[in-house]
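Being a predicted model, the structure only gives us computed values, none of them experimental.
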Amino acid sequence: MSVVVRFAPSPTGYLHIGGARTALFNWLFARHHKGKYLLRIEDTDPVRSTKEAVDAILDGLHWLGLDPDEPPVFQSTRFARHREVAMRLLAEGKAYRCYATPEELEAMREKARAEGRPMRYDGRWRDRDPSEAPPGVPPVIRFKAPRTGETVIEDLVQGTVRVANEQLDDMVLLRSDGTPTYMLSVVVDDIDMGITHIIRGHDHLTNAFRQKQLYDAIGAPCPAFAHIPLIHGPDGTKLSKRHGALAVTEYRAMGFLPEAMRCYLLRLGWSYGDKEFFTDEEAIALFDISGVGRSPSRFDMAKLLSVNAHFLRLKSDAELIELVRPFLAELGLTAEGEGARRLAAGMPGLKARARTLVELARGAAFYLRPRPLPVQPEGAQRLDAAMREALRALVPVLEAQEVWEETALEATCRAFAETHGLKFANLAQAVRVALTGSLVSPGLFEVMVILGKDEVIGRLEDAAAGRNPIADGAN
RNA sequence: GUCCCCAUCGUCUAGAGGUUAGGACACCACCCUUUCAAGGUGGAAACACGGGUUCGAGUCCCGUUGGGGACGCCA
């Protein structure tokens, strides 16, 4: 049997970390088994579903490289089919019309709450004759669920999970306005789409019992279930906006790489011995549901940053130059001609110091900004009058420098510091500020070589003359 | 409240009855060093608790505690 899986988000919000990981596991599982990975948009609630959310989900999946193998199925287009199945169950006596009013249901809930019992529909219309139906009340169609025995799920992750049927009530299949509910739609669509494995969040585990009963009633084989543990926030509670349940596209904006995102998400709840990093090929070859753990994990930004830094360093300089362009643009910078040349030359030194593309852009900015360079406040403090004098004195020395390469420049600067009675480290920091506007940068002499003699002398003169504006700290 | 699930360093996890309980992130120290990173070396850091079963339990069973999830004419 060939594997068919689906990712089935409801378009009521953005694709967040949890959804992204569910999609990833489905995608990986399908690739591993050479099966199909489908996308179904569960837009059966017209009030909460939006076009923007659909686009955001599609965009997020695309960025992560998790495009579905076929065009997405919109659940709302399949109402007629869902209704058809409901009517068939009704005709077969496996479902019935219920005329209970919202008020009655609310009263039932109140009573259950007061008695400390689970809030369940009491089945008052289950065996009642339709002739007793109150006039003018549009009924819902309820599933006639088994009342005794138990329902058992063989979950690929959770193992055997069972629940007593008394715990479950007669769920609504068709609302009084004739629209199908989620529970019905999911089952019918999964049957029609030929889904073999349902891989989804653990929060759906209890739904699985009801869905299992529906499969049985419809007479369709039940797909294999794999309920993967949820991702929690750093404090162990439900992942929320303030934790990082941001749209995955927010991570794109923060300068994360999709492959880093995938790798991080993969290792959240799944592992393969001590292996930490996986290429896509490795992940596809090694991924299996049996490697998925059962306990929930917490989202950890520090680890994500570290993983991203790892994948950033794996990128070629040429790739990085293209990837960083949009982030440079946000700083109002472009890298053309001389700027592109400097960026390419400086990339090895830059990328070792950046964990994200945002950090990379910020670190690269000094190569691209026009003179006089803005300097950060902490850096400006290093340029006191005495140090400015020293920089002024350094200018002619460097102008006389014939061999403009790292070791020669270092020798020159060390000798200069010695003859002027300066600690080399202090001189170096002052020069660093003059050349980069910051106390932190790639190697000083590497920077000198990449900037070139004229630019270096120009920047030193700016600093000596106190021409640099103070950066506003935004960068 | 009822039902279901979960429980190894702060975090992600390895561990399928006998291990000095391993790795990664973060943290600390040292090395390197012109800053910051990167890199290298080392360190601190865990089996929630209580009962069983067993010659032997992080591993199996039960309970407790703690955490999470589900309980809609939402999905």
pair_partner(B/U20), Watson-Crick or wobble, both distances < 3.5 Å, evaluates to none
Can you tell me whether the side chain of A/Ser176 and the base of B/C73 have a donor-acceptor pair closer than 3.5 Å?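 Flag set: donor-acceptor pair detected.
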No-H, no-angle donor-acceptor pair, A/Arg353 side chain to B/C36 base, under 3.5 Å: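 Present.
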Using only side-chain N and O atoms of [X], determine if any of them is under 4.0 Å from OP1 or OP2 of [N].
| X | N | value |
| --- | --- | --- |
| A/Ser271 | B/A14 | yes |
| A/Thr44 | B/A75 | yes |
| A/Arg298 | B/G10 | no |
| A/Ser49 | B/A75 | no |

Salt bridge or not between [X] and [Y]? Use side-chain N to carboxylate O under 4.0 Å.
| X | Y | value |
| --- | --- | --- |
| A/Lys275 | A/Glu282 | yes |
| A/Glu455 | A/Arg459 | yes |
| A/Glu319 | A/Lys351 | no |

Once rounded to the nearest 0.5 Å, what's the spacing between atom OG1 of A/Thr160 and atom CD of A/Glu154? 3.5 Å
With rounding to whole Å, what would you report as the distance between B/C4 and B/G43 at their C1' atoms?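 Approximately 43 Å lies between the C1' atom of B/C4 and that of B/G43.
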Donor-acceptor contacts under 3.5 Å from residues 135-153 of chain A side chains, at least two apart:
| unit_1 | atom_1 | unit_2 | atom_2 | d |
| --- | --- | --- | --- | --- |
| A/Arg142 | NH1 | A/Asp170 | O | 2.7 |
| A/Arg147 | NH2 | A/Asp122 | O | 3.4 |
| A/Glu150 | OE2 | A/Arg162 | NH1 | 2.5 |
| A/Thr151 | OG1 | A/Asn165 | OD1 | 2.5 |
| A/Thr151 | OG1 | A/Gln213 | NE2 | 3.0 |

Are any protein N/O atoms closer than 3.5 Å to N/O atoms in nucleotides 25-28 of chain B? If there are, list each pair with its distance.
| unit_1 | atom_1 | unit_2 | atom_2 | d |
| --- | --- | --- | --- | --- |
| B/C25 | O3' | A/Ser306 | OG | 3.4 |

N/O donor to acceptor pairs below 3.5 angstrom from side-chain atoms of residues 441-448 of chain A, sequence neighbours left out:
| unit_1 | atom_1 | unit_2 | atom_2 | d |
| --- | --- | --- | --- | --- |
| A/Ser441 | OG | A/Arg432 | NH1 | 2.8 |

